[in-house]
2 protein chains.
Amino acid sequence: MEVTIAKKERKATSEKVVGHFSDKGPTNSLCPVRDILSRVSDKWSMHTIILLGKSEKLRFTELKKGIEGISQRMLTVTLRALEEDGFLVREIFPEIPPRVEYRLTDLGRSLLQQLMQLSDWANENMDEVLKQRKRYSKK
Amino acid sequence: MEVTIAKKERKATSEKVVGHFSDKGPTNSLCPVRDILSRVSDKWSMHTIILLGKSEKLRFTELKKGIEGISQRMLTVTLRALEEDGFLVREIFPEIPPRVEYRLTDLGRSLLQQLMQLSDWANENMDEVLKQRKRYSKK
DNA sequence: CGGCATCCGTGCCGATACTG
DNA sequence: CAGTATCGGCACGGATGCCG
């Protein structure tokens, strides 16, 4: 039995979301959004998805090199969480030294498309946001 | 001079994002995305934006009633952060008792559109994600 | 009514050391 | 190479009390 880090660390997050949206209410229809949003918006998931989107298939070490600043631990945690949601698959080659490859699933690529759209919006509007922040800071 | 809670609490987040994306790297173009994503994906921002999107203009207490489970403190923090980014405006009426109204800006409504798209995607794909999680849990 | 100040638990994440 | 285990700092957010 492997996977001990990610399993524990993810449980809390899931329950947090479920707990706040499982009951009725007008905003209830957005439960999935916050769920996925909170999955993707953590510190490293988006980086990982984008990088995999560019290269189609990468090894652990290649990902680590491509994502500047990420620790071994967080790369593992992030990859396991994305695997759990079905955004990527993990393929183990029982060689010595071991080799593990990661690639996006169709679902993962679909998510990537969404992120790209959001990316476009963000790039278009970031200047305005920064301007607003500046204005706000001296009020 | 007002605004003490939110200002302090936001500084760390901003610096965190900037610190990790201000340098070069292939994923650098996504800096704004993570910035906005981390703004929107906190515990209450999306609720707030959606609710304001429905009602066009709401008072503090009305928002508090509409967002189930939110504390006074977090509503204040959330509203200040969204105001800082220019997603909503805060209008104070110096009456007794005081009245404060919040409404989305054009920028905020534009962001809302993006969230709605993401919402659609999430609703379409959540079943698949949940299925994947189940499969993963018994592996 | 619409906040602010403070205390405090909990979870996220980095650093480090160890392993098949 | 690709992880796991553990410790510790710090940010996020809840509870409570006070105020113009």
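Letters A, B, ... mirror the listed sequences (proteins, then strands); counts begin at 1.
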Q: Using atom NZ of B/Lys43 as one end and atom C1' of C/dT10 as the other, report the distance to the nearest whole Å.
A: 11 Å
Q: Separation of A/Glu95 atom CD from D/dG3 atom P, in whole Å?
A: 13 Å
Q: Pick the closest DNA chain C nucleotide for A/Asp42 and for A/Pro98 by heavy atoms, then say which residue is nearer the 5' end.
A: A/Asp42
Q: Under 4.0 Å: is that the gap between some side-chain N or O of A/Thr61 and OP1 or OP2 of D/dA2?
A: yes
Q: Give the angle between the helix axes at the two ends of the helix from C/dC1-D/dG20 to C/dG20-D/dC1, taking five base pairs at each end and rounding to 10°.
A: 40°
Q: The side chain of A/Phe60 is closest to which nucleotide in this list: D/dG20, D/dG3, C/dC13?
A: D/dG3
Q: Taking only residues at least two apart or on different chains, which pairs with a member in residues 110-130 of chain B satisfy salt bridge (charged side-chain N to carboxylate O under 4.0 Å, His left out)?
A: B/Glu128-B/Lys131
Q: Which atoms form the tightest heavy-atom contact between B/Ser41 and A/Ser41, and what is the distance?
A: OG-OG, 2.7 Å
Q: In chain order, what residues pass the side-chain hydrogen bond (donor to acceptor under 3.5 Å, both in side chains) check against A/Thr48, with sequence neighbours excluded?
A: none
Q: Over how many whole Å does the gap from B/Met74 atom CE to D/dA11 atom C1' extend?
A: 11 Å
Q: Can you measure A/Arg99 atom CZ to D/dA2 atom P for me and round it to whole angstrom units?
A: 9 Å
Q: Mind checking what makes side-chain hydrogen bond (donor to acceptor under 3.5 Å, both in side chains) contact with A/Ser110, not counting sequence neighbours?
A: B/Trp121
Q: What is the distance, rounded to the nearest whole Å, between atom CZ of A/Arg73 and atom C1' of C/dC18?
A: 15 Å
Q: Figure out the CG/P separation between B/Leu75 and D/dG14, and round it to whole Å.
A: 11 Å
Q: Could you state the NZ-C1' distance from B/Lys64 to C/dG3, rounded to the nearest angstrom?
A: 12 Å
Q: Considering only distance and modelled atom types, tabulate donor-acceptor pairs under 3.5 Å from the side chains of residues 98-107 of chain A, sequence neighbours left out.
A:
| from | atom 1 | to | atom 2 | distance (Å) |
| --- | --- | --- | --- | --- |
| A/Arg99 | NE | A/Glu95 | OE1 | 3.4 |
| A/Arg99 | NH1 | A/Glu101 | OE2 | 2.9 |
| A/Arg99 | NH2 | A/Glu95 | OE2 | 2.8 |
| A/Tyr102 | OH | A/Arg90 | NE | 3.2 |
| A/Arg103 | NH2 | A/Glu91 | OE1 | 3.3 |
| A/Thr105 | OG1 | A/Gly86 | O | 2.6 |
| A/Thr105 | OG1 | A/Phe87 | O | 3.3 |
| A/Thr105 | OG1 | A/Leu107 | N | 3.3 |
| A/Thr105 | OG1 | A/Gly108 | N | 3.0 |

Q: Using a strict cut-off of less than 4.0 Å between a Lys/Arg side-chain nitrogen and an Asp/Glu carboxylate oxygen, indicate whether A/Arg109 and A/Glu56 qualify as a salt bridge.
A: yes
Q: Can a side chain N or O of A/Arg90 be found less than 4.0 Å away from OP1 or OP2 on D/dA2?
A: no
Q: Measure the distance from CD on A/Gln72 to C1' on C/dC13 and round it to the nearest whole Å.
A: 15 Å
Q: Ignoring the backbone of A/Val100, work out which of D/dA2, D/dT4, C/dC4 is nearest its side chain.
A: D/dA2
Q: Which part of the nucleic acid, if any, lies within contact of A/Phe93, taking any heavy atom under 4.0 Å across all strands shown: a base, the sugar-phosphate backbone alone, or nothing?
A: nothing
Q: Quick one: list whatever passes side-chain contact (heavy atoms from CB on, under 4.5 Å) with A/Gln113, sequence neighbours left out.
A: none
